Protein chains: 2
Amino acid sequence: MAKLQKSIEKRNALLRATLCLVNSGGIQEASVAKVAKMAQVSPATIYLYFENKQDMVNQLYLSVKEHYATVAFKNYIADKPVKKSYEQIWLNMIQFKKDNPEESSFLSQCDNTPIIEEETRQKGLSFLQPLFDLWEKGKNEGIIKDVSPYIIYAFTIYPQSFLTNIEQRSLCKINKVELTQAFQAAWDSIKV
Amino acid sequence: MAKLQKSIEKRNALLRATLCLVNSGGIQEASVAKVAKMAQVSPATIYLYFENKQDMVNQLYLSVKEHYATVAFKNYIADKPVKKSYEQIWLNMIQFKKDNPEESSFLSQCDNTPIIEEETRQKGLSFLQPLFDLWEKGKNEGIIKDVSPYIIYAFTIYPQSFLTNIEQRSLCKINKVELTQAFQAAWDSIKV
DNA sequence: CAAATAAAAGTGAATGTTCATTCTCTTTTT
DNA sequence: AAAAAGAGAATGAACATTCACTTTTATTTG
């Protein structure tokens with residue numbers, strides 16, 4: 001039991017090291033040798049925990065997405081009004097990105113790289129199912145436009161990445177005012 | 001003169017090859033050797049046209065951004081009503097992304113990689129100045145919300161990348177209906 | 001319980017590629 | 001005949017992965 005625990009910790013150390021390196025210099029910076037060094041482990045050890053480098057990055061992707069979803073849906077109670085629920089989730093999501101810039105930047109980098117396999121992507125998306133259900137509920141109640149979930153995602157969730165991205169690059173600050181304006185924009189784009 | 005022309009053509013061949021390779025397998029796939037081979041040129045020749053690989057990618061970034069801006073602002077006449085002008089530019093922009101998936105995907109990949117220097121990024125952004133001016137005009141006329149241009153960009157232009165991205169991955173189709181809905185969402189998010 | 005043994009986890013060095021870049025030499029253009 | 005453009009081969013570093021080996025942990029047996 002203590003053994004298993006140690007294994008999990010080592011696995012996490014490897015994932016954390018990968019996250020850190022990808023964040024500081026792009027995915028190409030996270031070489032197996034560097035990850036191993038940062039996690040204080042032999043390069044060979046990585047292959048005890050992961051099939052290969054691509055597998056390691058894909059697993060990291062899933063683990064980060066899972067964390068993201070956990071934060072997004074914390075204290076989520078399905079029977080509140082749709083707008084209120086959505087506001088809560090939306091704020092949780094952007095807060096996650098503000099609080100976890102490394103994980104957030106990693107996810108952004110993954111959006112457009114072929115290292116992440118389509119299967120992994122789909123699995124990652126499935127963590128957000130409650131959100132898609134909420135949109136469906138909103139559509140049925142006639143308070144959210146009857147458009148594809150892709151459009152809803154594109155105009156309400158996806159913009160968060162841009163905003164936190166530029167805040168990270170110190171080009172702007174996202175405080176309470178901007179947060180309120182941003183949610184208003186998101187909601188206006190999809191409300192009936 | 002014919003000499004210079006030939007030089008430009010060779011430079012363009014190198015940029016085109018880079019674009020193609022980046023598109024097919026990520027930035028790491030575009031190695032100097034492969035780019036040279038695809039452009040039917042010796043690896044050494046690349047260093048006659050560019051300082052190094054990073055410089056080549058940065059120049060490609062600028063060249064693509066310039067093309068993008070050219071398409072965005074074609075037939076743009078500043079004295080039409082703000083909403084009409086904006087609709088025209090917005091449609092031009094998304095059409096560019098649909099018509100030029102390689103260039104579009106390249107730009108997306110560049111959004112989150114440290115290969116592109118901050119200076120290059122800023123220069124690339126400056127091509128879109130007329131758009132920022134239009135927003136300012138809209139704000140002055142009281143028809144666009146008085147919020148930061150970052151927010152406007154995040155909720156109207158940035159979502160296009162997501163939509164064309166998933167269309168590219170064959171997860172959805174963006175036809176006339178979706179295009180109309182999408183522009184409506186974009187406009188609703190920022191109109192007063 | 002303790003010694004013996006089997007299995008699992010972990011290592012550093014080596015493998016064979018591929019990488020970006022530079023070298024020396026040749027061809028083409030002025 | 002000078003200079004500019006281009007070539008292929010060479011360089012050394014970095015890469016992902018595997019190798020033969022050691023150490024640690026778990027299980028069996030006397």
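Per chain, numbering begins at 1; letters A, B, ... match sequence-line order. Everything numeric here is computed off the predicted structure, so don't read it as measured data.
- For the 3.5 Å distance criterion, the side chains of B:Asn112 and A:Asn165 qualify, holding a donor opposite an acceptor.
- Remark: C1' of C:dT21 and CG of B:Asp55 are 14 Å apart, rounded to the nearest angstrom.
- Look at OH on B:Tyr49: it is 19 Å from P on C:dA20, rounded to the nearest Å.
- For the pair A:Leu14 CG and C:dA9 P, the interatomic distance rounds to 14 Å; values are reported in whole Å.
- Side-chain N/O atoms of A:Ser105 and A:Asn23 include a donor and acceptor closer than 3.5 Å.
- Interatomic distance, A:Thr113 OG1 to A:Gln28 CD, rounded to the nearest 0.5 Å: 10.0 Å.
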Ring pair (Phe, Tyr, Trp, His ring centres under 6.0 Å) between A:Phe155 and B:Phe155, worked out: CA-CA 6 Å; A:Phe155 285 93; B:Phe155 285 93; 8.5 Å; no

Can you pull every protein N or O that's under 3.5 Å from an N or O on nucleotides 17-21 of chain D?
{"from": "D:dT17", "atom 1": "OP2", "to": "A:Tyr47", "atom 2": "OH", "distance (Å)": "2.7"}
{"from": "D:dT17", "atom 1": "OP2", "to": "A:Lys53", "atom 2": "N", "distance (Å)": "3.0"}
{"from": "D:dT17", "atom 1": "O5'", "to": "A:Tyr47", "atom 2": "OH", "distance (Å)": "3.2"}

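- Side-chain contact, B:Gln109 with A:Gln109: no donor N or O sits under 3.5 Å from an acceptor N or O.
- Across the protein-nucleic acid pair, A:Gln40 atom CD and C:dT11 atom P stand 10 Å apart, rounded to whole Å.
- D:dG8 atom C1' lies 14 Å from atom CD1 of B:Ile46, rounded to whole Å.
- Distance, A:Lys37 NZ to C:dT11 C1': 16 Å, rounded to whole Å.
- Remark: B:Lys34 is in phosphate contact with C:dC19, judged by side-chain N or O atoms under 4.0 Å from OP1 or OP2.
- Nucleic acid contact class of B:Ser31 (heavy atoms, under 4.0 Å, all strands): sugar-phosphate only.
- Taking atom CD1 of residue B:Ile27 and atom P of nucleotide C:dC19, one finds them 15 Å apart after rounding to whole Å.
- A:Gln28 places its CD atom 20 Å from the P atom of D:dA13, with the value rounded to the nearest Å.
- For B:Lys10, a side-chain nitrogen or oxygen approaches OP1 or OP2 of D:dG6 to under 4.0 Å.
- One side chain, B:Asn58 or B:Thr120, offers a donor N or O that lies under 3.5 Å from an acceptor on the other.
- Across B:Phe73, B:Tyr68, B:Trp90, a single residue satisfies ring-ring contact (aromatic ring centres under 6.0 Å, His included) together with B:Phe96, and that is B:Tyr68.
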